[in-house]
Peer 1: 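Below are the structure tokens for one structure; questions will follow.
By convention in this document, chain letters (A, B, ...) are assigned in the order of the sequence lines, proteins followed by strands, and residues within each chain are numbered from 1. Given the structure is predicted, the values throughout are model-derived calculations rather than measurements.
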There are 2 protein chains.
Amino acid sequence: MYELFFQNFNKKVPLTQEEEVYIKNYLLPKKLRKKQYLLQEGDVCKTIAFIEKGALREYSVDDSGNEHIIQFGLEGWVISDLYSFLTGEPATYNIDAIEEAELALISKSAHEELLLKLPKYETFTRLNITGAYLAMQRRLTSIISTSLEERYTYFTSLYPNIVQRVPQHMVASYMGLTPETLSRIRRRISSNK
Amino acid sequence: MYELFFQNFNKKVPLTQEEEVYIKNYLLPKKLRKKQYLLQEGDVCKTIAFIEKGALREYSVDDSGNEHIIQFGLEGWVISDLYSFLTGEPATYNIDAIEEAELALISKSAHEELLLKLPKYETFTRLNITGAYLAMQRRLTSIISTSLEERYTYFTSLYPNIVQRVPQHMVASYMGLTPETLSRIRRRISSNK
DNA sequence: ATAAAGCCTTGACTAAAATCAATGCTTTTT
DNA sequence: AAAAAGCATTGATTTTAGTCAAGGCTTTAT
């Protein structure tokens with residue numbers, strides 16, 4: 001049920017059997033149907049979600065109703081409106097399933113208790129957020145310093161899974177483009193081969 | 001000498017006098033002249049720098065020789081090529097001083113030793129990287145979902161210090177724009193008042 | 001089986017940013 | 001004090017992305 005979660009955990013910080021049992025008490029399973037929300041803006045984000053199976057997206061909606069995807073989440077990834085989760089303020093992001101998904105949730109109280117009682121959990125959390133930071137930094141660097149073609153090529157080589165499972169208009173949103181522009185970029189890339 | 005560092009630390013995780021003395025053994029003071037490098041691309045980043053005084057910038061240089069600033073650093077901030085620091089691979093970023101600066105450096109071995117020996121240091125590190133992640137997430141969201149005017153207005157309200165101390169062409173680089181475009185945006189904003 | 005919705009691409013046109021050049025003021029260097 | 005460099009702005013032109021509309025294919029719903 002939480003196979004990928006513990007696989008991921010053990011890769012970063014090896015756990016004893018007892019520690020795994022202990023942590024398992026804090027995990028909550030959740031299934032989402034395609035398009036079902038995990039979080040809607042305005043609600044407080046009360047859990048961190050580890051993705052065992054499926055694909056999710058995290059996005060904001062602007063004043064004109066346009067969706068801006070800031071993150072996809074696939075198997076092995078963590079997804080949450082972290083600011084809302086940590087501060088208790090209403091979420092500014094929405095999170096929903098792009099395809100059917102199975103999650104392992106950790107509530108805020110569980111998170112805080114694990115941080116206090118299990119040093120390995122703090123290390124696991126620090127390593128996770130460090131990895132997320134570095135990925136976002138690469139992405140930001142790509143945005144401000146490379147062409148759209150280079151950015152798309154980089155994205156597809158880094159995340160071939162996402163490109164295959166996610167509609168193109170969502171990839172465009174994630175990149176900050178319109179679907180028409182992404183289509184033209186894809187044509188330019190393929191005609192340059 | 002490390003006044004701001006400990007002020008910042010104690011705000012996040014209160015330290016005893018003994019713990020402060022213990023940590024102080026691991027800190028290295030460093031002064032930079034204006035334009036002096038802390039890090040050059042190609043070298044391995046061996047320290048994390050905490051800024052006691054002054055201003056720095058972290059940037060990459062593309063194939064055409066254009067500089068792309070991904071981060072400024074002022075008093076109280078942390079700056080590093082974190083990927084290089086953690087992996088030992090050559091840095092892809094440069095870091096230099098925009099104005100004269102005083103830093104508190106932590107080497108990789110000191111960092112690792114403190115993580116192992118002082119749980120409060122791990123908490124301090126986790127909170128720092130979490131804050132950095134959230135700041136970058138807001139910035140990314142701003143980039144992919146708002147206009148250039150909104151982004152500049154947001155940036156100047158969030159970081160009035162930076163705008164006052166840093167040349168406009170560097171702000172333009174940080175935003176992923178040309179200096180001419182930034183100048184026109186500033187004119188549009190001021191004429192809309 | 002058929003209708004509706006979703007998705008993707010393309011064309012034509014508009015808007016915004018980049019490029020290039022020039023000017024002028026301020027700061028730094030000699 | 002004078003020259004050089006740095007910085008910022010503006011104009012004209014080019015390039016790139018966005019907008020709007022349309023067409024066609026695939027998937028989903030009835």
Side-chain angles (χ1 to χ4, degrees), chain A residues 33-36 54-55 57 59 61-69 72 96-100 142-156 162-193, chain B residues 32-36 55 57 59 61-69 72 96-100 142-156 162-193:
Chain A
R33 294 184 309 281
K34 181 171 176 173
K35 294 192 179 185
Q36 184 179 356
R57 64 176 180 152
Y59 62 99
V61 181
D62 68 22
D63 292 334
S64 309
N66 300 309
E67 296 175 352
H68 302 279
I69 293 171
F72 293 109
D96 63 21
I98 298 173
E99 58 189 47
E100 186 179 272
S142 173
I143 287 174
I144 69 172
S145 59
T146 67
S147 68
L148 293 181
E149 282 92 333
E150 288 168 307
R151 279 169 54 196
Y152 182 72
T153 301
Y154 177 69
F155 175 75
T156 58
I162 294 183
V163 179
Q164 281 163 9
R165 289 163 70 181
V166 160
Q168 293 291 336
H169 68 88
M170 288 190 185
V171 174
S173 171
Y174 174 88
M175 289 180 65
L177 307 178
T178 64
E180 296 92 332
T181 298
L182 179 58
S183 190
R184 295 186 227 275
I185 286 165
R186 282 161 51 84
R187 190 174 72 180
R188 285 213 296 276
I189 288 172
S190 66
S191 73
N192 281 350
K193 274 167 172 169
Chain B
L32 291 178
R33 294 184 310 280
K34 181 172 175 172
K35 295 194 177 182
Q36 185 179 354
R57 64 177 181 153
Y59 62 98
V61 181
D62 68 23
D63 293 334
S64 309
N66 301 309
E67 297 175 352
H68 302 280
I69 294 172
F72 292 110
D96 64 19
I98 298 172
E99 58 190 46
E100 185 180 273
S142 173
I143 286 174
I144 68 171
S145 59
T146 66
S147 68
L148 294 180
E149 280 92 333
E150 287 168 309
R151 279 169 57 198
Y152 181 73
T153 302
Y154 178 69
F155 175 75
T156 58
I162 294 183
V163 178
Q164 282 164 9
R165 290 163 71 182
V166 159
Q168 294 290 336
H169 69 89
M170 287 191 186
V171 174
S173 171
Y174 174 89
M175 289 180 65
L177 308 178
T178 62
E180 296 93 330
T181 299
L182 180 57
S183 188
R184 297 188 227 275
I185 287 165
R186 283 162 48 85
R187 190 172 75 177
R188 288 213 294 277
I189 289 172
S190 67
S191 73
N192 282 351
K193 275 166 174 169

Peer 1: Please figure out whether B:L182 or B:K34 has its closest DNA chain C nucleotide nearer the 5' end.
Peer 2: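 Per heavy-atom nearest nucleotide, the more 5' residue is B:L182.
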
Peer 1: Side chains of B:I189 and B:T156: closer than 4.5 Å at any heavy-atom pair?
Peer 2: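 Heavy-atom side-chain distance check fails, nothing below 4.5 Å.
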
Peer 1: So do the side chains of A:Y174 and A:I162 get within less than 4.5 Å of each other, counting heavy atoms only?
Peer 2: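 A:Y174 does not reach A:I162 side chain to side chain.
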
Peer 1: CZ of A:R165 versus C1' of D:dT27: gap in Å, rounded?
Peer 2: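 Those two atoms, CZ and C1', are 18 Å apart.
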
Peer 1: Side chain of A:R186, base of C:dT10: donor and acceptor closer than 3.5 Å?
Peer 2: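 Under the 3.5 Å cut-off, the side chain and the base do not form any donor-acceptor pair.
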
Peer 1: Could you state the CD1-P distance from B:I189 to C:dA16, rounded to the nearest angstrom?
Peer 2: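 Taking CD1 of B:I189 and P of C:dA16, I get 14 Å after rounding.
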
Peer 1: Send over the distance from B:R151 CZ to C:dA17 C1', rounded to a whole Å.
Peer 2: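 Atom CZ in B:R151 sits about 12 Å away from atom C1' in C:dA17.
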
Peer 1: Should A:D62 and A:H68 count as side-chain neighbours, where that means a heavy-atom distance under 4.5 Å?
Peer 2: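 Yes, side chains in contact.
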
Peer 1: Step through the shown structure and confirm whether more than 12 heavy atoms of other residues, nucleotides or ligands are within 6.0 Å of CD on A:Q36.
Peer 2: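 Yes, because the 6.0 Å sphere around CD of A:Q36 holds more than 12 heavy atoms from other groups.
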
Peer 1: Could you tell me the separation between the CD atom of B:E149 and the P atom of C:dA15, rounded to a whole number of Å?
Peer 2: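 So the two atoms are 15 Å apart, to the nearest Å.
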
Peer 1: Considering only D:dT9, C:dT19, C:dC8, which nucleotide approaches the side chain of B:S183 most closely?
Peer 2: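 Per side-chain heavy atoms of B:S183, the pick is D:dT9.
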
Peer 1: By nearest atom, which of the nucleotides C:dC8, D:dA8, C:dA18 is closest to the B:T181 side chain?
Peer 2: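 From the listed options, C:dA18 comes nearest.
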
Peer 1: Please tell me which of B:P167 and A:I185 maps to the more 5' nucleotide of DNA chain D, matching each residue to the nucleotide holding its nearest heavy atom.
Peer 2: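 The 5'-side residue here is B:P167.
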
Peer 1: Which nucleotide, D:dC7, D:dG11, C:dA18, lies nearest any side-chain atom of B:R187?
Peer 2: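 From the listed options, D:dG11 comes nearest.
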
Peer 1: Output the rounded distance in Å from CG (A:L148) to P (C:dA17).
Peer 2: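 From A:L148 CG to C:dA17 P: 14 Å.
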
Peer 1: Quick one: which of D:dG18, C:dT9, C:dA17 gets closest to the side chain of A:R184?
Peer 2: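 Of the options given, the side chain of A:R184 lies nearest D:dG18.
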
Peer 1: Is the phosphate of D:dA17 approached by A:T178 (side-chain N or O, under 4.0 Å from OP1 or OP2)?
Peer 2: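 For D:dA17, neither OP1 nor OP2 has a side-chain N or O of A:T178 closer than 4.0 Å.
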
Peer 1: So if I take every side-chain heavy atom of B:E180 and compare against D:dG11, C:dT9, D:dG18, which nucleotide ends up nearest?
Peer 2: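 For B:E180, the side-chain atoms sit closest to D:dG11.
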
Peer 1: Distance check needed: C:dA18 P versus B:D62 CG, whole Å only.
Peer 2: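 Rounding to the nearest Å, CG of B:D62 and P of C:dA18 are 13 Å apart.
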
Peer 1: With respect to the side chain of A:R188, which nucleotide from D:dT9, D:dG11, D:dA17 is positioned closest?
Peer 2: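 Comparing D:dT9, D:dG11, D:dA17 against the side chain of A:R188, the answer is D:dA17.
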
Peer 1: Nearest-Å distance, CD (A:Q168) to P (D:dC25)?
Peer 2: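 Taking atom P of D:dC25 as the reference, CD of A:Q168 is at 18 Å.
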
Peer 1: Taking the side chain as everything from C-beta on, heavy atoms only, tell me whether A:D96 gets closer than 4.5 Å to A:Y59.
Peer 2: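 Touching, per the 4.5 Å side-chain cut-off.
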
Peer 1: Over how many whole Å does the gap from A:M175 atom CE to D:dG18 atom P extend?
Peer 2: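 Result: 10 Å.
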
